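Shown next, in structure tokens, is the structure this report addresses.
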Amino acid sequence: MNDTFLKACRGEETDYTPIWIMRQAGRYLPEYQKVRGKVTFLELCKTPELCVEVTLQPVDILGVDAAILFSDILIPLEAMGTPLEFHEGRGPVFPEPIQNQADLDRLIIPDPDEHTGFVMETIRLLRKELQVPLIGFAGAPFTCATYLIEGGSSKVFWETKKMMYTNPELFHNMMEKITRTTTLYLLAQAKAGAQALQIFDSWAGVLAPEDFKTFALPYVQQIVSDLQETGLPIIYFANNGATLLEMAASTGADVLGLDWRINIGDAVRRVGKVALQGNLDPFALLLPKEKLKARIGRILEDAKGAHGHIFNLGHGIHQFTPPEQAKAAVEFVHELSQR
Ligand code: CP3
């Protein structure tokens with residue numbers, strides 16, 4: 001069992017810097033496309049045997065030091081009782097967005113084993129196969145709320161901010177319901193066998209710091225605190241969150257994910273005794289190999305003072321990335337960080 005990733009999460013000495021890649025299972029891999037060619041995305045997410053297959057693909061092909069459960073952050077939101085659709089080329093759609101208290105009252109706090117048992121089954125099956133640790137995950141409440149309120153992806157977050165500013169009580173009520181759902185969902189993943197838990201706050205960076213503090217942070221703090229009983233490392237990734245770093249550290253997460261817009265050495269100086277995960281620009285994978293290697297070397301060097309470093313991209317790998325470039329990045333990280 002390769003436990004380098006778990007050691008780095010805890011800030012312990014490792015023989016080399018572990019790496020995994022956000023969205024490492026996905027469309028850039030022809031092997032994923034082949035599985036996906038036979039089923040819709042949601043069918044894939046709800047078929048444990050197929051989820052196991054695509055979770056294992058990047059572990060075998062790239063040689064990464066951790067696996068991440070194949071699923072989606074929107075799965076528990078569908079389980080709350082709101083229909084979810086994925087449209088080719090357009091991404092996720094919630095045709096019945098939540099815009100008032102009556103809409104919110106219709107949502108339930110689902111029992112994770114009953115309503116998302118396929119996720120827990122995937123985790124149990126994966127643990128029998130894997131030689132690297134398995135990361136479970138969920139969306140952070142603010143990021144989840146944006147999808148429920150907007151009815152899908154958004155660029156300006158008009159509906160979300162309108163609710164925050166004109167009906168904060170409704171917004172907080174929604175955040176409470178999502179938070180409880182997320183906590184139960186992650187506790188169930190831990191019970192099923194997940195060995196670390198990542199909270200994805202993909203849209204945290206659209207908030208002013210004072211709004212992040214009021215409308216988003218307390219709910220992440222609550223989740224991290226409620227997950228302490230699992231004893232698992234908790235990773236909090238606030239995308240585009242360089243200005244929020246100190247607040248991200250105040251969540252109590254063991255590991256903070258970093259996007260590429262901040263120098264990782266600056267982050268080390270700002271957060272102190274917490275492990276860091278990141279932070280190569282996903283598009284840097286397009287660099288010629290020697291430049292890619294030098295870029296990776298600089299990140300490893302800058303991260304040296306960190307209380308644990310897990311190499312990753314600063315956000316998900318892009319769907320047109322050549323897989324051999326991702327494989328080269330994994331090899332460079334392993335080679336350059338040998339101690
Ligand atoms: O290896 C892995 O990380 C796979 C598991 C995973 C997926 N989504 C599979 C997926 C994880 C951890 C996610 C997280 C996720 N999902 C986030 C947070 C991370 C981030 O990127 O910020 C978000 C915001 C979502 C919501 C989501 N899912 C969107 C907006 C989309 C459409 C855009 C896109 O990339 O296609 C998805 C679809 C999705 N989730 C795909 C995959 C592999 C592509 C679906 C397909 O096969 O067509």
Side-chain angles (χ1 to χ4, degrees), residues 19-47 50-62 64-78 84-94 118-119 122-123 126 130 132 134-148 150-155 157 160 182 185-186 189 194 196-206 235-241 257-260 277-278 282 312-321 323 326:
I19 170 172
W20 68 280
I21 293 179
M22 284 194 278
R23 303 288 288 266
Q24 63 191 14
R27 282 168 304 200
Y28 74 105
L29 287 178
E31 294 83 355
Y32 172 85
Q33 300 270 19
K34 201 166 162 222
V35 176
R36 187 57 180 78
K38 294 181 228 148
V39 289
T40 66
F41 177 64
L42 278 176
E43 283 165 349
L44 173 53
C45 286
K46 293 176 186 178
T47 312
L50 295 181
C51 288
V52 169
E53 185 178 344
V54 297
T55 301
L56 296 176
Q57 285 172 351
V59 180
D60 297 337
I61 297 165
L62 306 180
V64 286
D65 298 289
I68 182 159
L69 162 71
F70 190 86
S71 187
D72 198 88
I73 63 164
L74 306 179
I75 290 290
L77 304 183
E78 184 189 41
L84 168 63
E85 299 165 6
F86 275 87
H87 296 273
E88 293 302 327
R90 215 180 109 206
V93 176
F94 287 103
F118 49 89
V119 172
T122 301
I123 293 173
L126 276 167
L130 281 167
V132 294
L134 176 63
I135 305 167
F137 71 90
F142 175 73
T143 289
C144 291
T146 66
Y147 285 98
L148 287 179
E150 305 287 337
S153 300
S154 175
K155 284 204 171 76
F157 299 94
T160 306
T182 306
Y185 183 62
L186 288 173
Q189 290 187 31
L197 298 168
Q198 173 149 327
I199 302 167
F200 283 93
D201 218 344
S202 306
W203 298 114
V206 306
I235 309 166
Y236 176 53
F237 171 60
N239 182 38
N240 216 337
L258 300 174
D259 66 77
W260 67 91
Q277 174 174 281
N312 205 316
L313 303 183
H315 201 180
I317 187 166
H318 190 270
Q319 66 162 312
F320 299 125
T321 310

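What you see is a predicted model; the values in this text were computed from it and never measured. Counting starts at 1 for both ligands and their atoms, in listed order. One is the number of the first residue; the rest follow in order along the sequence.
Counting only heavy atoms of the protein, atom 41 (C) of ligand 1 lies nearest to Arg23 NH2, 3.5 Å. Among protein heavy atoms, atom 25 (C) of ligand 1 sits closest to Ile73 CG1, 3.6 Å. For atom 18 (C) of ligand 1, the closest heavy atom belonging to the protein is Ser202 OG, 3.2 Å. Counting only heavy atoms of the protein, atom 12 (C) of ligand 1 lies nearest to Phe137 CZ, 3.4 Å. Looking from atom 29 (C) of ligand 1 to the surrounding protein, the closest heavy atom is Pro92 CD, 3.7 Å. The closest protein non-hydrogen atom to atom 47 (O) of ligand 1 is Tyr32 OH, 2.5 Å. With respect to atom 38 (C) of ligand 1, the closest heavy atom belonging to the protein is Phe86 CE2, 3.6 Å. Ranking protein heavy atoms by distance to atom 46 (C) of ligand 1, first place goes to Arg36 NE, 3.3 Å.
Remark: ligand 1 and Glu88 share no N or O pair separated by less than 3.5 Å (distance only, no angle test). Where the criterion is an N or O separation shorter than 3.5 Å, residue side chain and backbone included, Asp72 meets it with respect to ligand 1. Backbone and side-chain nitrogen or oxygen atoms of Arg27 are examined, and one is located within less than 3.5 angstrom of a nitrogen or oxygen of ligand 1. Where the criterion is an N or O separation shorter than 3.5 Å, residue side chain and backbone included, Thr143 fails it with respect to ligand 1. Not one N or O of Phe200 is nearer than 3.5 Å to an N or O of ligand 1, by distance alone.
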Report task. Output, in order, the C-alpha distance, side-chain angles, deciding distance and verdict of ring-ring contact (aromatic ring centres under 6.0 Å, His included) for Phe157 and Trp203. Result -> CA-CA 10 Å; Phe157 299 94; Trp203 298 114; 5.1 Å; yes
Report task. Let me see the working for Phe86 and Leu42 under side-chain contact (heavy atoms from CB on, under 4.5 Å), right down to the final yes or no. Result -> CA-CA 7 Å; Phe86 275 87; Leu42 278 176; 3.8 Å; yes
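Pairing each heavy atom of Ala194 with each of Gly136, the nearest pair is CB-N, 3.9 Å. Residue Ser71 comes nearest to Phe137 through the heavy atom pair C-CZ, 3.6 Å, listed as atom of the first residue, atom of the second, then distance. Between Ala326 and Leu62 the shortest heavy-atom distance is CB-CD2, 4.0 Å.
In this view, Asp259 and Arg261 satisfy the salt bridge (charged side-chain N to carboxylate O under 4.0 Å, His left out) rule, not counting sequence neighbours. Under the salt bridge (charged side-chain N to carboxylate O under 4.0 Å, His left out) criterion, Glu150 pairs with no residue at all, not counting sequence neighbours.
To the nearest 0.5 angstrom, Glu78 atom CD is 10.5 Å from Asp72 atom CG. For the atom pair CD of Gln57 and NZ of Lys34, the computed distance is 9.5 Å after rounding to the nearest 0.5 Å. With rounding to the nearest 0.5 Å, the separation of OH in Tyr32 from CZ in Phe70 is 3.5 Å.
Interface of Phe70 with ligand 1, defined as ligand atoms under 4.0 Å from a residue heavy atom, comprises 4 (C), 9 (C), 43 (C).
Residue contacts with ligand 1 include His315, since one or more of its heavy atoms lies under 4.0 Å from the ligand.
Here Leu69 has backbone heavy atoms under 4.0 Å from ligand 1, and that is the only part of it that gets that close. Contacts with ligand 1 closer than 4.0 Å are made by backbone heavy atoms (N, CA, C, O) of Ser71 only, the side chain lying farther away.
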